[in-house]
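Taking it in order: structure first as structure tokens, then the write-up.
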2 protein chains.
Amino acid sequence: MFAMDEVFKALADASRRSLLDRLHLKNGQTLNELCEGLAMTRQAVTKHLVILEAANLVTAFKHGREKLHYLNPVPIHQIGERWIRKFERGKLTALSELKRQLEKRDE
Amino acid sequence: MFAMDEVFKALADASRRSLLDRLHLKNGQTLNELCEGLAMTRQAVTKHLVILEAANLVTAFKHGREKLHYLNPVPIHQIGERWIRKFERGKLTALSELKRQLEKRDE
DNA sequence: ATAATAGGCAACCAAATGGTTGCATGTCAA
DNA sequence: TTGACATGCAACCATTTGGTTGCCTATTAT
């Protein structure tokens, strides 16, 4: 089990989400590969990857002098299941209350 | 349309997520109501609510001297639809690659 | 009218964040 | 074996973040 807070924090940064996107397009990339085309130093990317690994969103393996990064979709899935779904259940009632309140404004 | 980045950033903080939880339990609460039982000043809560409103996760109406806060579940739903779903599609292949890699380690 | 209540605004602060540079280490290839 | 390549580590920096305190304003109730 891993802390959902770390996952949310990791997802809060656009650079990190884009790294996940890149790994989604092509899994198992090296650090240098992931750096290509980014307006950031390699060290900055490393820091982001450390955070992603800590949140269990990415798992990395050393292969010789290279480090291969793999996407772990489980935490993302859990955010969807355990958190987002909860709010989707109340969705319609919440919206109708909102609507009612918006209309009340014009009285 | 609202920026997904703001939504992710707003969701990154546990206090803010707990405010959303509270509104999910009971919609249309006042500022003071939302402050009850929290280890935070009213002003801190205000700041969080401002961020949640900016991200469109909460909509507020003034009613006399009170301010009523309503949950807007749409952005949360969109995170689920536009972002989380994308990663769930590649889930099985990503996991099998991970497994393959883990096994390769022991060679 | 006046006191109590609900909220807003602004200045300030410590800690976290996202980034940098410089240098060190480990691995592969010529 | 020696240079090039892939990555790691640490110090440093500016900005953002999450929080505080103090005071001001608007609305309601007595």
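If you're wondering where the values come from, they're calculated on a predicted model, not measured in any experiment. So you know, we letter chains A, B, ... as the sequences are listed, proteins then strands, and number each from 1.
Comparing A:Val45 and A:Gly64 against DNA chain C, the residue whose closest nucleotide sits nearer the 5' end is A:Val45.
Between A:Phe87 and B:His24, the ring-plane angle classifies as tilted under the 30° and 60° cut-offs.
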Under 3.5 Å, which donor-acceptor pairs link side chains of residues 37-51 of chain A to any protein atom two or more places apart or in another chain?
| unit_1 | atom_1 | unit_2 | atom_2 | d |
| --- | --- | --- | --- | --- |
| A:Thr41 | OG1 | A:Ala44 | N | 3.4 |
| A:Thr46 | OG1 | A:Arg42 | O | 3.1 |
| A:His48 | ND1 | A:Arg16 | NH1 | 3.1 |

Could you list, one pair per line, each protein nitrogen or oxygen that sits under 3.5 Å from a nitrogen or oxygen of nucleotides 5-8 of chain D, together with the distance?
| unit_1 | atom_1 | unit_2 | atom_2 | d |
| --- | --- | --- | --- | --- |
| D:dC5 | O2 | A:Arg65 | NH1 | 3.1 |
| D:dT7 | OP1 | A:Leu31 | N | 3.3 |
| D:dT7 | OP1 | A:Lys67 | N | 3.0 |
| D:dT7 | OP2 | A:Asn32 | N | 2.8 |
| D:dT7 | OP2 | A:Asn32 | ND2 | 3.1 |
| D:dT7 | O4 | A:Arg42 | NH2 | 3.3 |
| D:dG8 | N7 | A:Arg42 | NH1 | 3.1 |
| D:dG8 | O6 | A:Arg42 | NH2 | 3.1 |

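Taking B:Asp21 as the reference, A:Lys86 meet the side chain to side chain donor-acceptor pair (under 3.5 Å) condition, with sequence neighbours excluded. Applying the side chain to side chain donor-acceptor pair (under 3.5 Å) criterion to A:Arg17, with sequence neighbours excluded, gives B:Asp5.
Each end of the helix from C:dA1-D:dT30 to C:dA30-D:dT1 yields a helix axis from five base pairs, and these two axes differ in direction by 20° (to the nearest 10 degrees).
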Item to check | Base-contact (B) and sugar-phosphate-only (S) positions in nucleotides 12-19 of chain C, heavy-atom cut-off under 4.0 Å, - elsewhere | outcome: -----SSB
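One atom, CG of A:Asp5, and another, P of D:dG18, lie 11 Å apart when rounded to the nearest Å.
Taking both residues in full, the closest heavy atoms of A:Leu23 and A:His69 are given as CD2-O, 3.4 Å, listed atom of the first, atom of the second, then distance. Of all the heavy atoms in B:Tyr70 and B:Asn27, the pair that sits closest is CA-OD1, 3.2 Å.
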Item to check | Candidate pair A:Ile79 and B:Trp83, rule side chain to side chain contact (heavy atoms under 4.5 Å, CB included), full reasoning | outcome: CA-CA 11 Å; A:Ile79 293 285; B:Trp83 204 83; over 6 Å; no
Next on the checklist: Walk me through whether B:Asp13 and A:Phe8 qualify under side chain to side chain contact (heavy atoms under 4.5 Å, CB included).
Outcome noted: CA-CA 8 Å; B:Asp13 185 87; A:Phe8 272 112; over 6 Å; no
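Under 4.0 Å is where a charged nitrogen must lie from a carboxylate oxygen, and between B:Lys26 and B:Glu33 at least one such pair does.
Among pairs with a residue in residues 65-80 of chain B, those fulfilling salt bridge (charged side-chain N to carboxylate O under 4.0 Å, His left out) read B:Glu53-B:Lys67, at least two apart in sequence or across chains.
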